[in-house]
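Numbers for residues simply follow the sequence, beginning at 1.
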Amino acid sequence: MGPSSAGAVFTPGELLKVALAGCAGMSSDVPLARRLGDDYKVTIRVEGVKNLEEDRYPELTEIIELDLSALDDATRDRVLAVAERSIEQTCTVGRTLEAGVVVKREFVEPASAVDAGEATA
């Protein structure tokens, strides 16, 4: 992990996108496999442009590539509705981002430093 200028590393923002894509994939895997078979193919990407002034991503878009061409329209709609509902109900990362999150920060001494300080007192 590092800044984009470091080359072949993930930025923290890219890791956020990976976490969101992975969570959507894990959340939808069982219902999709049940309806499409264990060997179904899916690609999930998360895209979003960083707002440089605010140093944040104001919007992220999940793109789920899934070949449903063999299904009739009604079955296709049911499969997509089940996958959508599963992601909405069980993807912790997505639910956290959508609801907003309070981030608390603490700076603490490592346990080894605290133990060493007590030993010399």
* To do: State which residues pass salt bridge (charged side-chain N to carboxylate O under 4.0 Å, His left out) with E54; sequence neighbours excluded, sorted by chain then number.
  =>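 Salt bridge (charged side-chain N to carboxylate O under 4.0 Å, His left out) list for E54, sorted by chain: R56.
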
* Listed partners of E65 passing salt bridge (charged side-chain N to carboxylate O under 4.0 Å, His left out), at least two apart ->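 Residues passing salt bridge (charged side-chain N to carboxylate O under 4.0 Å, His left out) with E65: R45.
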
Point-to-point distance, once rounded to the nearest 0.5 Å, from [atom1] of [X] to [atom2] of [Y]:
X   : Y   : atom1 : atom2 : result
Y57 : K17 : OH    : NZ    : 4.0 Å
K50 : E14 : NZ    : CD    : 10.0 Å
T11 : M1  : OG1   : CE    : 9.0 Å
R34 : S86 : CZ    : OG    : 8.5 Å
I44 : L66 : CD1   : CG    : 8.5 Å

* Asked: Can D67 and K41 be counted as an ion pair, charged N to O under 4.0 angstrom?
  ->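 No.
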
* F10 CZ: over 12 foreign heavy atoms closer than 6.0 Å ->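 No, because the 6.0 Å sphere around CZ of F10 holds 12 heavy atoms or fewer from other groups.
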
* More than 12 heavy atoms of other groups within 6.0 Å of D38 CG ->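 No, not enclosed.
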
* To do: Treat each ILVMFWY residue as a node, draw an edge where side-chain heavy atoms are under 4.5 Å apart, and state whether L68 and Y40 are in one component.
  =>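 Yes: a chain of side-chain contacts under 4.5 Å links L68 to Y40.
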
* For the hydrophobic clusters of this structure (ILVMFWY residues joined by side-chain heavy atoms under 4.5 Å, transitively), does one cluster hold both L32 and I64? ->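 Shared cluster, yes.
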
Show every donor-acceptor pair shorter than 3.5 Å between a side-chain atom in residues 94-103 and any protein atom, with sequence neighbours excluded, or say none if there are none.
unit_1 : atom_1 : unit_2 : atom_2 : d
R95    : NH1    : E88    : O      : 3.2
T96    : OG1    : T92    : O      : 2.7

* Asked: For the side chain of S28 and the backbone of A24, is there at least one donor-acceptor N/O pair under 3.5 Å apart?
  ->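 Checking the backbone N and O of A24 against the side chain of S28, a donor-acceptor pair under 3.5 Å is found.
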
* Asked: Does the T75 side chain pair with the main chain of L71, one donor and one acceptor, at a distance under 3.5 Å?
  ->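 No, because the side chain of T75 does not come within donor-acceptor range (under 3.5 Å) of the backbone of L71.
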
* Asked: Should I63 and E47 count as side-chain neighbours, where that means a heavy-atom distance under 4.5 Å?
  ->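 With C-beta onward as the side chain, the pair touches.
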
* Check whether any side-chain heavy atom of L16 sits under 4.5 Å from a side-chain heavy atom of V46, and report yes or no. =>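 Sidechains of V46 and L16: no contact.
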
* Asked: Of the non-hydrogen atoms in I87 and S27, which two are nearest, and what is the gap between them?
  ->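 Looks like CA-CB, 3.9 Å.
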
* Asked: Closest heavy-atom contact between C23 and V93?
  ->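 Smallest heavy-atom distance, with atoms named: SG-N, 3.6 Å.
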
